[in-house]
Structure formats: C-alpha cells, structure tokens
Amino acid sequence: MKEVAILNIIVFEDDQGRRDSMEKVIVKSKPEACIVTFATSDMLLEFAKKTNPEVAFISIESADGRGYFTVKALKKISPKTNVIVIASQCRYMQELIHLRISGYVTGELTKDIVTEELANLRY
C-alpha cells in the first residue's frame, strides 16, 4: 500500500474574514492537507523556521507592503517553500518573480484555482 504524504500549507492574511475564506477554499481543494493560518507575519515566520512548509498562500493586500516583506523573509528562511501570492490586483510582480514564487493569483481564490496552483508547484 502506497503511503500518502500530507501536504503542509500555511496561510497569511491579516483580515480574519478573508483568512477564514482562504482556509475554507483550500480545505475544499485539499482536505487531507495540514493547514495552519496566521494573522501576523512574525508568527508565520517563526512557525516556518520550525516546519519548512511545502506551500504558503500569502496575501499581499495590506497597504504597508507587509505581505511582500513576509514573502521575502519566508523565502530566506525556507527557500523550497512554494509561495503562492494572493492579490486583488498585480502588485510587486517583478520583485516576486525574482524571489522564485510558485504562483500568483489575482482576484478571488477559488477551489479550481487552488487545485491548479497545487498541481503546478515549483518544488
């Protein structure tokens, strides 16, 4: 019998409602995954140091650039984490490409989009 690896996914979004919505969509797409959500980048980065998650869905919606800087710090801590950026519009695109993100989603995160992103991970 083949052993199935559990995918470890982290989610960063400072807005509680959007964070809950992102988590629900990811669970629908990958119910067997271990999903941990974070409202602060400090907690996410501390967790990533200990766990090296396979996937991170990170919102870059905050006006102060906190999401972008979270991606940058996460890639330093855990370079093989597949980071999928979530944004309402294209922001920091060139900078994020240089950080070797795995995906970039603009607009609403849906089950189909999550499934597609997870099917095309970089690492």
Side-chain angles (χ1 to χ4, degrees):
M1 188 166 154
K2 186 178 178 184
E3 189 174 316
V4 178
I6 300 294
L7 193 62
N8 293 306
I9 300 174
I10 56 176
V11 176
F12 171 72
E13 167 59 67
D14 55 6
D15 178 82
Q16 178 73 47
R18 288 193 301 252
R19 187 171 57 255
D20 291 346
S21 177
M22 288 172 68
E23 181 179 20
K24 285 177 187 172
V25 169
I26 296 166
V27 166
K28 285 180 185 174
S29 177
K30 201 71 166 169
E32 72 279 9
C34 176
I35 303 166
V36 182
T37 66
F38 297 92
T40 68
S41 56
D42 291 341
M43 290 176 64
L44 176 137
L45 296 171
E46 194 59 40
F47 183 83
K49 284 180 190 176
K50 298 174 186 170
T51 63
N52 290 312
E54 286 88 10
V55 181
F57 285 87
I58 298 181
S59 170
I60 60 166
E61 286 303 301
S62 60
D64 63 1
R66 191 176 18 205
Y68 167 73
F69 291 110
T70 300
V71 172
K72 194 171 181 177
L74 177 60
K75 290 302 281 183
K76 257 186 196 172
I77 291 168
S78 184
K80 297 291 186 186
T81 295
N82 292 282
V83 175
I84 300 164
V85 171
I86 312 300
S88 59
Q89 58 185 339
C90 291
R91 296 176 66 190
Y92 307 110
M93 180 68 81
Q94 190 163 357
E95 296 90 341
L96 289 163
I97 289 171
H98 289 295
L99 292 174
R100 307 290 190 259
I101 62 169
S102 296
Y104 195 104
V105 176
T106 54
E108 183 182 352
L109 190 64
T110 66
K111 180 184 177 210
D112 290 340
I113 289 171
V114 170
T115 301
E116 179 74 16
E117 290 297 327
L118 293 177
N120 291 289
L121 297 176
R122 180 179 281 253
Y123 305 105

| message | Walk me through whether Phe12 and Leu45 qualify under side-chain contact (heavy atoms from CB on, under 4.5 Å). | response | CA-CA 10 Å; Phe12 171 72; Leu45 296 171; over 6 Å; no
| message | side-chain contact (heavy atoms from CB on, under 4.5 Å) for Leu99 and Val83? Distances and angles first, verdict last. | response | CA-CA 9 Å; Leu99 292 174; Val83 175; over 6 Å; no
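Considering every non-hydrogen atom in both Ala48 and Pro53, the closest pair reads CA-CD, 3.9 Å. Across all their heavy atoms, Val25 and Thr110 have their closest contact at CG1-C, 3.2 Å.
Expressed to the nearest 0.5 Å, how far CD of Glu46 lies from OG1 of Thr51 amounts to 10.0 Å. Of the inter-residue distances, the one linking Leu118 atom CG with Lys30 atom NZ reads 6.5 Å to the nearest 0.5 angstrom. Between Ile26 atom CD1 and Phe57 atom CZ the span is 4.5 Å, to the nearest 0.5 Å. If you take CD1 on Ile84 and CG on Leu121, they are separated by 5.5 Å, rounding to the nearest 0.5 Å. Rounding to the nearest 0.5 Å places OG of Ser41 at 9.5 Å from CD1 of Ile58. Here the OG-NZ distance, from Ser78 to Lys50, works out to 14.5 Å after rounding to the nearest 0.5 Å.
Not one N or O on the side chain of Thr106 forms a donor-acceptor pair closer than 3.5 Å with the backbone of Cys90. Between the side chain of Thr115 and the main chain of Lys111, a donor-acceptor pair closer than 3.5 Å is present. Between the Asn82 side chain and the Arg122 main chain, a donor and an acceptor come within less than 3.5 Å of each other.
Counting only residues at least two apart or on different chains, the salt bridge (Lys or Arg N to Asp or Glu O under 4.0 Å) pairs with a member in residues 11-26 are Glu13-Arg18, Asp14-Arg66.
Within a 6.0 Å sphere centred on CE of Met43, heavy atoms belonging to other residues, nucleotides or ligands number 12 at most.
Residues Ile101 and Tyr123 do not share a hydrophobic cluster, defined by chaining ILVMFWY side chains whose heavy atoms lie under 4.5 Å apart.
Considering only heavy atoms from C-beta on, Leu7 stays 4.5 Å or farther from Glu32 through its side chain. Counting heavy atoms from C-beta on, the side chains of Thr81 and Leu74 come closer than 4.5 Å. Proximity of Glu117 to Val105: side-chain heavy atoms (C-beta onward) are separated by under 4.5 Å at one or more points.
The salt bridge (Lys or Arg N to Asp or Glu O under 4.0 Å) search around Lys75 returns none, not counting sequence neighbours.
Note: Phe47 and Phe38 have tilted aromatic rings, judged against thresholds of 30 and 60 degrees for the angle between ring planes.
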